[in-house]
Amino acid sequence: MTSNSGSTALRDARRIVVKVGSSLVTNEGRGLDEAAIGEWCRQLAALVREGREVVMVSSGAIAEGMKRLGWRTRPHEINELQAAAAVGQMGLAQMYETKLRENEIGSAQVLLTHADLADRERYLNARSTLVTLLKLGVVPVINENDTVVNDEIKFGDNDTLGALVANLVEADALVILTDQKGLYTADPRKDPEAKFVHEAAAGDPALEAMAGGAGSSIGKGGMITKILAAKRAAGSGASTVIAWGREADALLRLARGESIGTLLVAQTAKHQARKRWMADHLQLRGAVVVDAGAAAKVRAEGKSLLPIGMTSVSGEFSRGDVIAVRDVDGVELARGLANYSSVEARLLCRKPSSEFERLLGYVAEPEMVHRDNMVLMPS
C-alpha cells in the first residue's frame, strides 16, 4: 500500500519506543510473565549496546495488582483501579529492573499522566528527564500513573501513551507489541478472506475501517487504538510497527531491517514535522533580537542561539513557546522553541553560560534556542 521505504524505517532508527500490552506482560492476566519480560529486556539491552536509545512503555500494573489482590475481573470503580495499580506497579517495576540488570543495563521507572503532557512546563521537564536517561544508557520503563489519575485525565490506553511518548522524545520509530501478528483487512477470526497488511501509510483512513474492537478482557485497547496511535506518532515523523510480542527476537530482527508485523510508515520525516510545525505558527508570543555576530552564526552557519548574542527581548513567553529570532533591523531570521522564559531571557542577554546559575539559580540549557529546535525563515 506504500513504497518499500519501510525496510529502513526500523533499521535506521536510533531512538525507539517499544510498547507492550497487558495480555502479553501478564500472560492473559495470570501474573507477570517473567520469561517474556526477560526476553524483551534482553533485546532492549542488545539495542542499547548497539548505540540505540530505547524506551519501554509497559502495561500490566493493574492486571498484576488484580492477581495479587485475588480479583478475577477488572473493577469499574476508579478507586479500586487505582488500588490495583498501586499494588501491581511494585512488581512490574521490580521485574523490569531485575531483568535489565541481568543484562547489565540500568532502568528507571517513569509514571506519566495526561496532565504531565498537557502542561508545557511539565512536558518539557518530562522530556528533559527522559532524554537525559537515554543519553546515560538507561532504559526508562513508562506506565500511566494509574494511582492518581481519574476518568477525565486518563490516556485511556497505553497505545495512546506509547504514541505520546514517541512524540515527547521525538523517537524515530514506535513498536507496538501485541497478541496479534499485525493488521488484517478484516478480523481473521471471523473472515477467512481477511488479508494481512504488511505495509501501509500511517493515517490512511482505510486502516481505521479495517481495525476491530478490543480482543482481550485484560487490556483496554484493540487494533483501532493501535491504528490511531500510529497516526498520532506519524505526526512527529515516527513510523510504527504492530507485531506479535511472542515473535522470536522481533525487536532485533526489526532493527536489522527485517519485515515483521505491519509497518505503518510516517509520511513526514521527523525533523521536517517539527520544523514545519514551528514555521506554521501564526502567532508568536515573543522575540529576541540578536547582534550581527549571532545573526551570522544562526543564518549562515546553522548554529544554536546563545544568550550572549542577544541584545533585547520582546513579548511575554514561557519556556517551550515558539519565539522569533530577529536581527537588529527587525528582520525575522528564524523561529524556534525557547529554553527560557522571557523574564529569564532578559536576565541572560549578553551573558555567558557560566553566569546562568548565578542569575537564575539553575541551568536548563546553554542555548536560548537549540539548532535542532529552530527553523530558518525565508530571506
Side-chain angles (χ1 to χ4, degrees), residues 16-49 52-72 74-75 80-113 129-130 133-134 136-149 155 157-159 161-162 165 169 174-179 216-221 243-252 254:
I16 304 170
V17 174
V18 179
K19 181 269 175 183
V20 63
S22 296
S23 62
L24 288 172
V25 173
T26 64
N27 199 8
E28 290 293 346
R30 288 186 286 273
L32 291 178
D33 192 329
E34 181 176 354
I37 294 174
E39 270 298 293
W40 298 321
C41 288
R42 178 185 62 82
Q43 294 177 65
L44 293 175
L47 292 175
V48 172
R49 283 192 285 271
R52 302 181 196 250
E53 298 173 332
V54 292
V55 178
M56 172 63 88
V57 176
S58 178
S59 303
I62 290 178
E64 172 63 9
M66 287 167 53
K67 176 181 176 292
R68 293 185 175 207
L69 292 168
W71 296 349
R72 294 188 176 182
R74 184 183 176 99
E80 291 181 340
L81 288 168
Q82 290 170 333
V87 172
Q89 197 63 252
M90 298 292 289
L92 188 67
Q94 183 182 40
M95 182 68 75
Y96 276 104
E97 196 274 336
T98 298
K99 295 303 177 183
L100 284 166
R101 189 177 66 241
E102 287 177 358
N103 288 278
E104 301 181 332
I105 295 294
S107 62
Q109 183 187 42
V110 180
L111 301 177
L112 294 174
T113 67
T129 298
L130 290 172
L133 289 169
L134 292 173
L136 293 171
V138 172
V139 175
V141 180
I142 299 178
N143 198 354
E144 183 171 8
N145 194 356
D146 288 310
T147 60
V148 300
V149 297
F155 293 113
D157 62 83
N158 274 1
D159 294 322
L161 177 57
V165 170
V169 300
L174 168 65
V175 179
I176 299 178
L177 297 179
T178 182
D179 54 5
S216 168
S217 62
I218 299 300
K220 288 195 66 180
W244 186 39
R246 306 288 184 187
E247 185 82 44
D249 282 340
L251 298 176
L252 300 181
L254 284 167

When rounded to the nearest 0.5 Å, the distance separating CG of Leu130 from CG of Leu112 is 6.5 Å
To the nearest 0.5 Å, how far apart are CD1 in Ile37 and CG in Asn27?
10.0 Å
Tell me if a side-chain donor or acceptor on Asn143 pairs with a main-chain N or O of Ser58 at a distance below 3.5 Å.
yes
Arg101 and Cys41: CA distance, side-chain angles, deciding distance, side chain to side chain contact (heavy atoms under 4.5 Å, CB included) verdict:
CA-CA 9 Å; Arg101 189 177 66 241; Cys41 288; over 6 Å; no
I'd like to check the salt bridge (Lys or Arg N to Asp or Glu O under 4.0 Å) partners of Arg52; sequence neighbours left out, ordered by chain and number.
Glu50
Can you check whether Leu254 reaches Glu247 side chain to side chain, under 4.5 Å on heavy atoms?
no
If every non-hydrogen atom of Ser107 is compared with every non-hydrogen atom of Leu100, which pair is closest and at what distance?
CB-CD1, 3.5 Å
Provide the closest heavy-atom pair for Leu252 versus Ala46 in the form atom of the first, atom of the second, distance.
CD2-CB, 3.7 Å
Can Lys99 and Glu102 be counted as an ion pair, charged N to O under 4.0 angstrom?
yes
Atom pair CG (Leu174) and CG (Asp159), whose distance is rounded to the nearest 0.5 Å
8.5 Å
Exercise: identify the closest heavy-atom pair between Asp179 and Ser23:
OD2-OG, 3.4 Å
Check against side chain to side chain contact (heavy atoms under 4.5 Å, CB included), Leu44 and Met56
CA-CA 8 Å; Leu44 293 175; Met56 172 63 88; 3.6 Å; yes
Measuring from atom CD1 of Ile62 to atom CG of Leu81, what distance do you get when rounded to the nearest 0.5 angstrom?
5.0 Å
Using the test side chain to side chain contact (heavy atoms under 4.5 Å, CB included), find all partners of Glu39 that sit at least two apart in sequence or belong to another chain.
Arg42, Gln43, Asp249
Minimum heavy-atom separation for Leu24 to Thr178, with atom names?
CD1-O, 3.3 Å
Looking only at atom types and distance, does a side-chain atom of Trp40 sit under 3.5 Å from a main-chain N or O of Gly245, one as donor and one as acceptor?
yes
Closest heavy-atom pair, Lys19 versus Ser59, reported as atoms and distance to 0.1 Å, is CE-OG, 3.9 Å
May I have the step-by-step check of side chain to side chain contact (heavy atoms under 4.5 Å, CB included) for Gln89 and Leu92, ending in yes or no?
CA-CA 5 Å; Gln89 197 63 252; Leu92 188 67; 3.7 Å; yes
Other residues, nucleotides and ligands only: do more than 12 of their heavy atoms fall within 6.0 Å of CD on Gln94?
no
Value for CD (Glu97) from CE (Met95), rounded to nearest 0.5 Å, stands at 11.5 Å
May I have the step-by-step check of side chain to side chain contact (heavy atoms under 4.5 Å, CB included) for Leu161 and Glu144, ending in yes or no?
CA-CA 7 Å; Leu161 177 57; Glu144 183 171 8; 4.2 Å; yes
Asn103 and Ala45 have their tightest heavy-atom pair at CB-CB, 3.5 Å
Val17: which of Val175, Val169, Ile176 passes side-chain contact (heavy atoms from CB on, under 4.5 Å):
Val169
